[in-house]
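Notes to accompany the following structure.
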Amino acid sequence: MAFDQADQAIADHATTGNIAADRLKSIVERIERLEEERKALASDIKDIYAEAKSAGFDVKVLRQLIRMRKQEPAEIEEQEMLIDVYRRALGMA
């Protein structure tokens with residue numbers, strides 16, 4: 001019985017607070033639309049990587065380059081220096 005009263009209270013609030021319910025519905029629909037767009041973009045990016053691979057490019061290296069282009073030059077330099085230090089420590093240089 002208490003469960004039914006709680007459900008009714010929620011329903012009453014939703015109908016009396018139509019503005020809040022409408023706002024919530026709008027937000028949810030916008031998020032859903034953006035999620036769909038993100039899926040479509042991810043599919044497009046996957047297709048471009050497949051195109052690059054078929055053209056003979058190394059996709060793993062492309063991903064690394066794209067990640068690096070988002071970084072600051074000083075950050076890249078520091079990472080490359082650390083990689084060099086670690087490689088020498090492991091006898092890889």
Side-chain angles (χ1 to χ4, degrees):
M1 187 64 85
F3 182 73
D4 292 332
Q5 289 175 346
D7 286 345
Q8 186 60 45
I10 292 171
D12 289 345
H13 180 66
T15 55
T16 57
N18 251 353
I19 295 172
D22 290 344
R23 177 75 191 259
L24 176 61
K25 183 178 179 183
S26 171
I27 288 169
V28 168
E29 289 172 348
R30 287 169 41 210
I31 292 169
E32 289 172 339
R33 189 171 42 256
L34 289 171
E35 289 288 344
E36 285 299 317
E37 288 177 26
R38 181 175 23 193
K39 281 176 30 180
L41 288 171
S43 177
D44 291 347
I45 291 169
K46 183 179 176 183
D47 291 344
I48 294 170
Y49 278 118
E51 177 186 338
K53 184 176 182 176
S54 70
F57 294 105
D58 186 317
V59 172
K60 188 175 179 179
V61 173
L62 282 175
R63 289 183 190 279
Q64 187 174 358
L65 285 171
I66 290 168
R67 191 171 40 254
M68 289 173 73
R69 286 172 54 104
K70 294 176 187 177
Q71 297 175 322
E72 295 295 322
E75 205 176 352
I76 295 170
E77 187 177 334
E78 181 181 348
Q79 285 180 355
E80 288 175 346
M81 183 185 69
L82 283 172
I83 289 171
D84 190 47
V85 168
Y86 290 3
R87 287 179 56 184
R88 279 190 265 137
L90 294 172
M92 297 172 62

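Bear in mind the structure is a predicted one, so any value in this text is a computation, not a measurement.
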Distance-only donor-acceptor hits, side chain of residues 36-43, under 3.5 Å, sequence neighbours excluded:
from: R38; atom 1: NH2; to: E35; atom 2: OE1; distance (Å): 3.0
from: R38; atom 1: NH2; to: E35; atom 2: OE2; distance (Å): 2.7

Passing candidate, side-chain contact (heavy atoms from CB on, under 4.5 Å) with E75, options E77, E72, E78: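 The passing option is E72.
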Pairs flagged by salt bridge (Lys or Arg N to Asp or Glu O under 4.0 Å) wherever residues 46-56 is involved - sequence neighbours left out: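 Passing the test, one end in residues 46-56: no pairs.
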E32: partners by side chain to side chain contact (heavy atoms under 4.5 Å, CB included), with sequence neighbours left out: V28, E29
Which residues share a side chain to side chain contact (heavy atoms under 4.5 Å, CB included) with R30, sequence neighbours left out: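 Partners of R30 by the side chain to side chain contact (heavy atoms under 4.5 Å, CB included) criterion, ordered by chain and then number, come out as S26, I27, R33.
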Could you tabulate the donor-acceptor pairs under 3.5 Å formed by side-chain atoms of residues 80-88, not counting sequence neighbours?
from: D84; atom 1: OD2; to: R88; atom 2: NE; distance (Å): 3.3
from: D84; atom 1: OD2; to: R88; atom 2: NH2; distance (Å): 2.6

Nearest-0.5 Å distance that lies between atom NZ in K70 and atom CD1 in I76: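 With rounding to 0.5 Å, NZ (K70) is 12.5 Å from CD1 (I76).
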Interatomic distance, Q79 atom CD to Q71 atom CD [nearest 0.5 angstrom]: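 The CD atom of Q71 is 4.5 Å from CD of Q79, to the nearest 0.5 Å.
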Without placing hydrogens or testing angles, list every side-chain donor-acceptor pair under 3.5 Å for residues 57-67, not counting sequence neighbours.
from: D58; atom 1: OD1; to: K60; atom 2: N; distance (Å): 2.9
from: D58; atom 1: OD1; to: V61; atom 2: N; distance (Å): 3.2

